[in-house]
Amino acid sequence: MSRRAIALIDVNNFYVSCERIFNPHLEGKPVVVLSNNDGCAVARSNEVKALGVKMGQPWFQLKDLARKHNIIAYSSNYTLYADMSHRVMTILNMFSPRQEIYSIDECFLDLTGFSNLAQYGQDIRQTIKQWTGLPVCVGIAATKTQAKLSNHIAKKFPQLDGVCDFTAMSAFEQDIWYKRIEVGEIWGIGRRLAPKLHQYGIQNVYDLKCASPIIMRNKFSVVMEKIIRELNGTSCIELEEVTPKKEIVCSRSFGVRVTQLSELEEAVSLYMRRASEKLRRQRSYAGAVSVFINTSRFNKPQENYWNETTIPLPTHTDSTILLTKTALWGLRRIYRRGFEYQKAGVRLSGLVNAQTRQTDLFGLLPKGYTSQELIEVVDHINHRMGTGTIRLTSEGMQQGWMMKREKISQEYTTNWDELLCVP
DNA sequence: TCTGGGGTCCTAGGACCC
DNA sequence: TCTGGGGTCCTAGGACCC
């Protein structure tokens with residue numbers, strides 16, 4: 001049996017690269033994409049990284065730097081990014097029978113049994129570049145943790161031409177790389193664990209690879225043990241091809257501070273419609289509804305209020321009407337007058353599929369709220385005519401609390417009215 | 001003035017059961 | 001003065017990821 005080979009493919013600076021495809025003059029210039037509400041930098045071009053801008057840095061702190069270096073900022077255009085992601089994943093699916101889509105811009109492919117892997121990695125890169133215009137890097141190794149690491153190396157060391165293949169290296173050669181990389185770069189080692197590892201004298205990847213998995217499991221957790229074993233080439237994290245979500249969250253910060261219950265009700269209604277659309281798309285039913293509201297965590301302590309409530313449902317459901325009614329009931333329970341709310345959200349949990357779902361044996365749910373025909377018709381119309389064409393009036397009409405997106409680009413690939421025009 | 005959103009996994013501790 | 005033990009389930013909180 002041939003040794004396992006896992007590839008991790010990841011789009012470089014994904015959101016920025018999407019914007020550059022349709023705006024080639026952005027090439028070579030410092031570009032950032034901002035989070036919702038134009039709050040923080042969530043994607044940075046290499047030029048911006050070179051200026052020292054950190055991931056998640058608030059945009060208002062960057063205004064001076066941006067003026068000085070002509071940094072170009074965009075609001076997040078998730079419609080565009082989701083469509084480009086779908087194209088990339090569809091292409092990557094052609095390169096292996098087993099694919100795990102790990103995030104909007106990353107996927108694992110099982111290349112076990114394939115030969116000439118470094119060249120195969122180059123083929124992947126060139127195909128994605130030619131068919132979508134997006135630049136990707138490829139890391140190949142025996143385990144997922146190693147593949148993440150080799151992808152990181154492919155990105156950081158240009159002489160590798162975007163592909164790093166650990167499977168073609170001796171253990172000695174791998175260790176040379178491991179000694180050059182900070183332990184905090186490892187998948188699963190974050191900002192809390194890295195300093196703790198430093199206390200044990202573990203500075204780079206090689207140090208952790210040589211640590212005892214048993215001792216480290218006792219000092220940390222089973223997660224740490226798996227990381228160490230994976231670094232040594234023993235696979236502990238499986239490739240997961242289809243994974244329905246175990247919970248679905250929809251939340252947003254508001255464009256302005258909100259004080260009125262009626263406005264929170266509108267927002268919660270909208271978020272619940274979004275969440276229940278996602279729920280039905282993965283063909284699940286929710287067992288519980290949570291709703292949460294909070295003020296800004298940067299407020300003075302006495303002006304701060306945070307609360308969340310979870311309401312179990314009498315029986316699993318995917319009905320927008322019932323889920324929204326439940327969420328609004330919960331919202332009224334946790335709402336307190338006199339606070340300036342910055343954010344609200346909903347969470348669907350206890351998700352089951354149609355096979356494991358318990359049906360409404362005692363007729364606890366009002367029929368009008370859960371009519372399958374009604375739900376299907378509404379979804380169908382919204383799919384054809386655009387999301388929100390049919391919605392509950394509780395979402396409101398003004399929506400003055402809606403988030404800010406002042407620098408958004410066009411929906412180049414999903415909206416006939418916003419296609420790219422070439423003069 | 002302005003500070004994102006959506007997920008997963010693990011552990012500890014409490015409630016409850018026999 | 002003595003005051004079990006072991007199991008499951010649930011939740012909150014912490015850590016991580018992109």
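Below, chains carry the letters A, B, ... as their sequence lines are ordered, and counting in each starts from 1. These values consider heavy atoms only, across backbone and side chains, with no hydrogens, waters or symmetry-generated copies. What you see is a predicted model; the values in this text were computed from it and never measured.
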Ion pair [X]/[Y], N-O distance below 4.0 Å:
X	Y	result
A:Asp10	A:Lys155	yes
A:Lys148	A:Glu106	yes
A:Lys144	A:Glu238	no

Where along [range] does a heavy atom fall under 4.0 Å from DNA chain C?
range	answer
residues 259-271 of chain A	none
residues 51-72 of chain A	none
residues 183-214 of chain A	A:Ile186, A:Trp187, A:Gly188, A:Ile189, A:Gly190, A:Arg191, A:Arg192, A:Leu193

Applying a 4.0 Å non-hydrogen cut-off, can you work out what [X] is touching in the nucleic acid: base, sugar-phosphate, or nothing?
X	value
A:Ile104	nothing
A:Asp105	sugar-phosphate
A:Asn36	sugar-phosphate
A:Phe14	nothing

What I want to check is whether the side chains of [X] and [Y] have a donor and an acceptor closer together than 3.5 Å.
X	Y	result
A:Ser284	A:Asn353	no
A:Thr132	A:Arg87	no
A:Asn23	A:Tyr74	yes
A:Thr167	A:Arg4	no
A:Lys404	A:Asn36	no
A:Asp105	A:Ser103	yes
A:Ser96	A:Asp110	no
A:Glu340	A:Thr295	no

**Q.** Toward the 5' end of DNA chain B, by each residue's nearest nucleotide, A:Arg257 or A:Glu247
**A.** A:Arg257
Q: Select from A:Lys404 and A:Phe220 the residue whose nearest nucleotide in DNA chain B is closer to the 5' end of that strand.
A: A:Lys404
Q. Which one of A:Ile228, A:Ile186, A:Leu231 satisfies the side-chain contact (heavy atoms from CB on, under 4.5 Å) criterion with A:Lys209?
A. A:Leu231
Q. So which heavy atom on A:Ala41 is nearest to which on A:Leu62, and how close?
A. CB-CD1, 4.4 Å
Q: Using Watson-Crick or G-U wobble pairs with both distances under 3.5 Å, give me DNA chain B in dot-bracket, 5' to 3', with [ ] for crossers and | for pairs to another strand.
A: ....||||||||||||||
(Q) To the closest 0.5 Å, what do you measure between CE (A:Met55) and SG (A:Cys40)? (A) 9.0 Å
**Q.** Point-to-point distance, once rounded to the nearest 0.5 Å, from CD1 of A:Ile104 to CE of A:Met89
**A.** 8.0 Å
Q) Which nucleotide of DNA chain B is the first, and which the last, in the 5' to 3' direction, to come under 4.0 Å of a heavy atom belonging to chain A? A) B:dC2 to B:dT11
Q.
Work out how far the C1' atom of C:dG4 is from that of B:dC17, and round it to whole angstrom.
A. 14 Å
Q: Name all residues meeting the side chain to side chain contact (heavy atoms under 4.5 Å, CB included) criterion together with A:Ser269; count only those two or more places apart in sequence or in a different chain, and write none if there are none.
A: A:Thr324, A:Leu328, A:Ser394, A:Glu395
